[in-house]
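First comes the structure, then the notes that go with it.
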Amino acid sequence: MLSGWSYDVFLSFRGEDTRRSFTGSLYHGLCQKGINVFIDDEELRRGEQISPSLLTAIEESRISIIVFSTNYASSSWCLDELVKILECWKTKGQLVFPVFYYVDPSFVRHQRGSFGTAMAKHEVTFKDDVEKLKKWKKALFDAANFSGWSLENGYEFELILRIIEEVSSKLNHTLLHIAEHPVGLETRISEVKSLLQTENLGEQVSFIGIHGLGGIGKTTIARALYNSIANQFDATSFLTDIRESSTQRQGLVQLQETLLYETLGIKNIMLGNVYKGIPIIKKRLCGKKVLLILDDVDKLEQLQALAGGRDWFGFGSKIIITTRDKQLLANHQVDKTYEVRKLNHEEAFELFTWNAFKRKAINEGYMEISNNVVLYAEGLPLALKVMGSNLFGKTVEEWKSALAKYEKIPNKEVQNVLRVTFDNLEENEKEIFLDIACFFKGETVEYVEKTLQACGFFPKFGISVLTDRSLVSIDEYNRLRMHDLIQDMGREVVREVSPLEPGKRSRLWNHEDVIEVLTESSGTYSIQGMMVDLPDQYMVHLKDDSFKKMTNLKILIVRNGNFYGSPQHLPNNLRLLDWVEYPSSSLPSTFHPKKLVVLNLSRSRFTMQEPFKHLDSLTSMDLSHCQFLTKLPDISAAPNLTELNLDYCTNLEQVHDSVGFLDKLIELRAYGCTKLKDFPHAIKLTSLRTLILNWCSSLQKFPTILEKMENLISISIEGTAIEELPPSIGNLVALQEFSMTSCLSLKELPENIDMLHNLKNLDIEGCPQLRSFLTKLRELGESTLTFGNVQSLNLENCGLIDEDLPIIFKCFPNLSSLVLSGSNFVTLPRCIEEYYPLELLHLDNCKQLQEIPSLPPNLQFINARNCISLTAESSNLLIRQETFEVYELQVMVPGTRIPEWFDHITKGEYMTFWVRKKFPAIILCFALAIESKMKKSFNCEIRFYINGDEVYELEIPIMFTELVTDHLWLYDLRTHSSIRLNDLESYLVDDDWNQIEISCEKVIAPSNMTISWCGVHACRQEANMEDILFEDPYLDSDLSIETENIDSDLEEYNQEQILLHTETLVSVTKDSMDIDCFDGTNVVKESNMVASDHLANGQQKSEVTNPDDEDMEAFYAILDAETSVLSLTNDKKVVSESSKRVIPSEETKKALKTLQDFLTKDFSVLLRPNEYNIMESTLDYLTHLPSEDGISVEIRSLVKEVSRQFTCWSYDYTHEGEKIEVTKAKLLKSDELEEGLEANKTLFREVKYLENELCNELEYLEERKKMLEEQINAVRANISASQVAKNIASHTKREIFENAKILKVQRDELREQVHCLRDEHELAKKIQANIRDEWSKLGEKFSNIADKS
């Protein structure tokens, strides 16, 4: 941004709400402080479009204050202002402060309340401008997240004073111009801010480094960061272009003086030298909270002169350093570093579009070429801006021509920026960089280091320097990566040495240059490296001397090339010969490359009929896919060989015994050599780490191990015909991985296999004959061998039975992963519950498995795929809530219904809920529906969306195959190490509800598999349920609420009916409930019939999904006709007493009186605690009266009857009371559901009516669409006609112009004669005058003579 602003503050407000109150007072208060405020005269507003002058005022204001009042959103002017304000905030660094004037910020953020009403009206008014509506909604959401002020209680004048004070402080800082089009900047700024706010930095003095390659946007980020946080500091300074400034005379001194001036206001200070400036800066700034940005630093001395240490600055100071050199930041011990990422494709496309078309949308016909340019720039902002500006206004053909030029000769402006870093490298690093740029991009670090070491460089250190300078990077696969434009810069450095003669360059890679050099034999000593990568249609005629003059050639790589003939000469100076599809069966007889390190002749005709000679330096040999290679001869002449690759040499029969004695060999591969029979009979490979002989199906013997091999950690002999393993296998003392999958000829394992004490992974999948090994172990009894170090055991398809399992758990006590898939056992042993190490258990395709009595205590994953015989109890064990409260677990098991303990269940593959404050620990469940047997694989991704934005994508590494029935997949997210809930929390809006959407999306899946249901459960022990909702907290439409409640009740009712247990129904008496079926079927009375009826109805309901219109109409017609009659009867029993009385004692009379009183009361009264105790004591007294007390036998008998019945009935009465409550609740529920169904019917009719209305509207819109298409066609015809007229006008204009040029030539010729012509003109006039005079005189003379005569 330029330094000047027309206004300090722009006020955005709704006039009718606050002009004469809050906003008016704020305006006058700001003006009194001398602050230049723009306030719009709302009375002058006309129409719907915001005036250009108002937009200009917003752009030219340094601060915008938005007063959100009740009716703010009802004004389209206000909303347009808001959109423009946020645009200026992004592009110009404008400060924005919202004021929530008696308005809840969440109403603004989510458009609720009056804001929701206003937006609903706008959606009607602006229904044809969807883009405008989207901008308004996003602007309201974004603005509500700004830090500002909220007025709910208190005095307005106090808030106004605080606003004025804050605005005054902000105006003391000068903002910097950021960028014309700051695409992608917001995300990167927030990431840098998060580093500044890191907990361990706090308010201490901290140094932050921003690094990346040239042109990536480091300075732009630093400027935006400065504008964003400068107001938080006592003093600020932004020192730009330090690299360039420090090279000038007294450059560092001038930078020190600038620093003191910007932070302290000290003018005309003369420091003299750097060493004077250091103590002054330290002394004057050590008490101030300073923001200092040092831009484009490239030397440590610059940092030492400007920000030498943390004690130079006051508490809370932040020093931001931008540089291309990451190591420089490490040397200065910065606290945190941030590497600037290149733009993603979407961001890059937007930035390029702004520069190439000066607007966000591209011109018609430019999409494909624009995409190609963006791909070429590969996310580098500098290149996108430069190329976009250069291509502005050009035709598509000119664009294509320019792009072709860029790909061969890069843009100079871009290259100059990128080359700065290269020019500052040492010679070793320069050469390494050029080799990587020309040949090794995408290769492994190990491969490149080995080659460049042989070329005399120091690649390990050199590559680390290039990485620190952001010239190269190393990906997760340990491969070297380089930006395409950086690569182009390196190749341009090579090309510039000899632009017209490729043979004189140091490196060749372009196929045209390579063809010229090879066909014309124009190579020279200068060439050090060559890569041949020809288009498919090219054929190169190799001459005898094609390579002869390249005596300094060290690197020869042939990736793709069709050659006529074969090389007769190869330079002996080669270090790398990588020639895929080498055209000859042998190397040239004169080729003796004593310094050759890497030899790759894969997929070639090479047969190696004779042994190599004098290859002492050779470390890697790749002869894979050499179909003509039948035997590998003696290679003892290559004693330093570390890698030998013979994969897929399908005609290879013999490998020489010398291979078994290469003591430097680390990796030996012979995968898929199906005819290999003769392998070294004995091996003594002391350095070997990996031996792979997979699918050498003719190999019958495993070599003898001559001595202990302390480095061999992995052996794989899958699919071989090996019949036995030698006893010497005990010499493999370091072996960790042993795979014998599908070794069907291997009859048994050696008895001394227990000597492999370091064995961790044992794989004998598909070897049912090896069950005998388990039988032997079982027969050993107490002396059974144990394999205590084995952590992973694969016994898939080994035909295991129940008797095998206990011995497995006993002999392998420390397994963390156990694969028992495809076995024949029926029950897992109960001892598995004591198997603590086990974390992964595979039981898939154990189709006879019925019982899983318990689970290991530390289990994290169990795969019971296609275990179709599991009992209900075993299946429930795997999916019940109690299991997941104990375990953090992943489960795959046959099943169809999401367990009822899940908090929220939805149909399909999406689920939605709302959280605040914290992202909860959750368990997910997906129901996989299979229409028929699924033979293909199934793989998926779980995606997380927060407030509509995708924030995380969880790749599931497990692939499920051949599902034969429906399955349930339960996934506790806590088991996945890569997902951190704290990371998801960073996307939550503080103190507000956040919408969470989780989807399970199929990546690889057959069409007959669908995700039918999904559910989510919040783990109570780690989540506050008050901060989790499964219904939209902002849903304020009564109709929507009613509909959701009805749907929820119906769903709950359906679930209750399906899961209702028969015992519950039996507790209801036969008379307690009558169910009349309207369709005339028999009345159901018995409890067991009721239970089965409910279950059947539940199943029927669960099958009715997505009915068509006729089904829906029939459904509601039945509802209209249904009647339910529920009757509840209670029987009363009366106790009669005998009339005959016997006169008792006074105490007995009192007791009898009490009993009589109680018998007249309602039975429920007697169950009150006090009455119950009195009744119980009275009956106890009367039943134990002695016979002589005087009461009659009849009364005594009746008292005993009352006592017995009271004891029985008090229990029964209480029990039946509980039943009444239960049945009453169910009856009320039934009534509620009836009401719900009535409301649902009404709603259905309303929606049906709405559907008809929408159909009519769609018909109208279709007609309207046709009319508009006709108008568009007419406009297109007019455009064509206008284009023709324009062409005619242009032609006419050209003709007029040509005539003008002719006229100009004629005019110029005449202009040279002007003076002469003017003289002639004057002379002619004088002569004419003289003639007239003379004529007149002659006439007078004649007249005189005539008169006289």
Side-chain angles (χ1 to χ4, degrees), residues 12-19 40 42-51 54-55 66-87 98 100-144 360-361 912 947-948 995 1031-1044 1242-1272:
S12 177
F13 62 98
R14 187 71 166 109
E16 66 183 46
D17 286 350
T18 64
R19 178 182 292 276
D40 184 32
E42 193 169 318
E43 295 177 358
L44 298 179
R45 296 184 176 186
R46 296 289 186 271
E48 295 293 339
Q49 295 296 324
I50 189 169
S51 66
L54 196 60
L55 295 176
I66 309 160
V67 182
F68 286 116
S69 56
T70 303
N71 296 306
Y72 183 91
S74 64
S75 168
S76 61
W77 278 67
C78 289
L79 294 174
D80 284 337
E81 285 178 3
L82 183 62
V83 171
K84 185 63 178 179
I85 287 169
L86 293 184
E87 179 186 326
F100 301 99
Y101 185 76
Y102 297 107
V103 168
D104 189 332
S106 67
F107 281 22
V108 180
R109 184 180 296 114
H110 299 291
Q111 292 99 62
R112 308 297 181 189
S114 64
F115 282 76
T117 303
M119 293 307 298
K121 292 180 180 178
H122 289 320
E123 287 177 357
V124 176
T125 306
F126 297 95
K127 61 182 179 181
D128 295 329
D129 196 346
V130 178
E131 193 63 31
K132 179 189 283 286
L133 291 169
K134 286 183 179 179
K135 288 182 179 179
W136 286 351
K137 291 180 180 180
K138 188 176 189 308
L140 288 168
F141 181 87
D142 292 342
K360 193 171 183 179
T912 303
N947 296 323
Q995 184 185 42
E1031 293 183 357
D1032 190 345
Y1034 300 108
L1035 193 63
D1036 55 1
S1037 169
D1038 294 337
L1039 182 60
S1040 297
I1041 291 175
E1042 182 181 1
T1043 304
E1044 289 191 7
T1242 303
L1243 180 62
F1244 177 83
R1245 295 188 183 99
E1246 293 174 355
V1247 173
K1248 182 181 178 183
Y1249 174 79
L1250 177 61
E1251 180 187 31
N1252 293 334
E1253 290 294 315
L1254 291 173
C1255 289
N1256 294 333
E1257 185 174 355
L1258 281 173
E1259 292 177 359
Y1260 165 77
L1261 290 174
E1262 286 293 333
E1263 294 297 325
R1264 180 66 176 158
K1265 175 185 172 185
K1266 292 179 182 178
M1267 294 173 59
L1268 291 174
E1269 287 176 346
E1270 293 173 358
Q1271 294 177 5
I1272 290 171

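The structure presented is a predicted model; accordingly, all values stated were derived computationally and were not measured. The first residue in the sequence is number 1, and the count goes up from there.
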Check the pair Tyr101, Asp17 against side chain to side chain contact (heavy atoms under 4.5 Å, CB included), reporting the backbone distance first and the verdict last.
CA-CA 10 Å; Tyr101 185 76; Asp17 286 350; 5.9 Å; no
Provide the closest heavy-atom pair for [X] versus [Y] in the form atom of the first, atom of the second, distance.
{"X": "Glu123", "Y": "Leu133", "answer": "CA-CD1, 3.9 Å"}
{"X": "Ala144", "Y": "Arg109", "answer": "O-NH2, 3.2 Å"}
{"X": "Met119", "Y": "Lys137", "answer": "CE-CG, 3.8 Å"}
{"X": "His110", "Y": "Phe141", "answer": "CE1-CE1, 4.2 Å"}
{"X": "Ala73", "Y": "His122", "answer": "O-NE2, 2.7 Å"}
{"X": "Phe126", "Y": "Trp136", "answer": "CE1-CH2, 3.6 Å"}

Nearest 0.5 Å, what's the [atom1]-[atom2] distance between [X] and [Y]?
{"X": "Thr117", "Y": "Phe107", "atom1": "OG1", "atom2": "CZ", "result": "10.0 Å"}
{"X": "Lys135", "Y": "Leu86", "atom1": "NZ", "atom2": "CG", "result": "12.0 Å"}
{"X": "Glu1269", "Y": "Gln1271", "atom1": "CD", "atom2": "CD", "result": "10.5 Å"}

For Val108 and Tyr72, what are the C-alpha separation, side-chain angles and deciding distance, and is it a side chain to side chain contact (heavy atoms under 4.5 Å, CB included)?
CA-CA 10 Å; Val108 180; Tyr72 183 91; over 6 Å; no
Checking Ser114 side chain against Thr70 main chain: does a donor-acceptor pair fall under 3.5 Å?
yes
Start with the C-alpha gap between Leu55 and Asp80, add the side-chain angles, then the distance that decides, and say whether side chain to side chain contact (heavy atoms under 4.5 Å, CB included) holds.
CA-CA 9 Å; Leu55 295 176; Asp80 284 337; 5.9 Å; no
In sequence, state the C-alpha distance, the side-chain angles, and the governing distance for Glu87 and Lys84, and then conclude on salt bridge (charged side-chain N to carboxylate O under 4.0 Å, His left out).
CA-CA 5 Å; Glu87 179 186 326; Lys84 185 63 178 179; 3.4 Å; yes
Classify the angle between the aromatic ring planes of Phe100 and Phe68 as parallel (below 30°), tilted (30 to 60°) or perpendicular (above 60°).
parallel
For Lys138, all residues meeting side-chain contact (heavy atoms from CB on, under 4.5 Å), sequence neighbours excluded:
Lys90, Asp142
Could you go through Ser74 and Arg14, starting from their C-alpha distance and side-chain angles, then the distance that decides it, and tell me whether this counts as side chain to side chain contact (heavy atoms under 4.5 Å, CB included)?
CA-CA 9 Å; Ser74 64; Arg14 187 71 166 109; 3.4 Å; yes
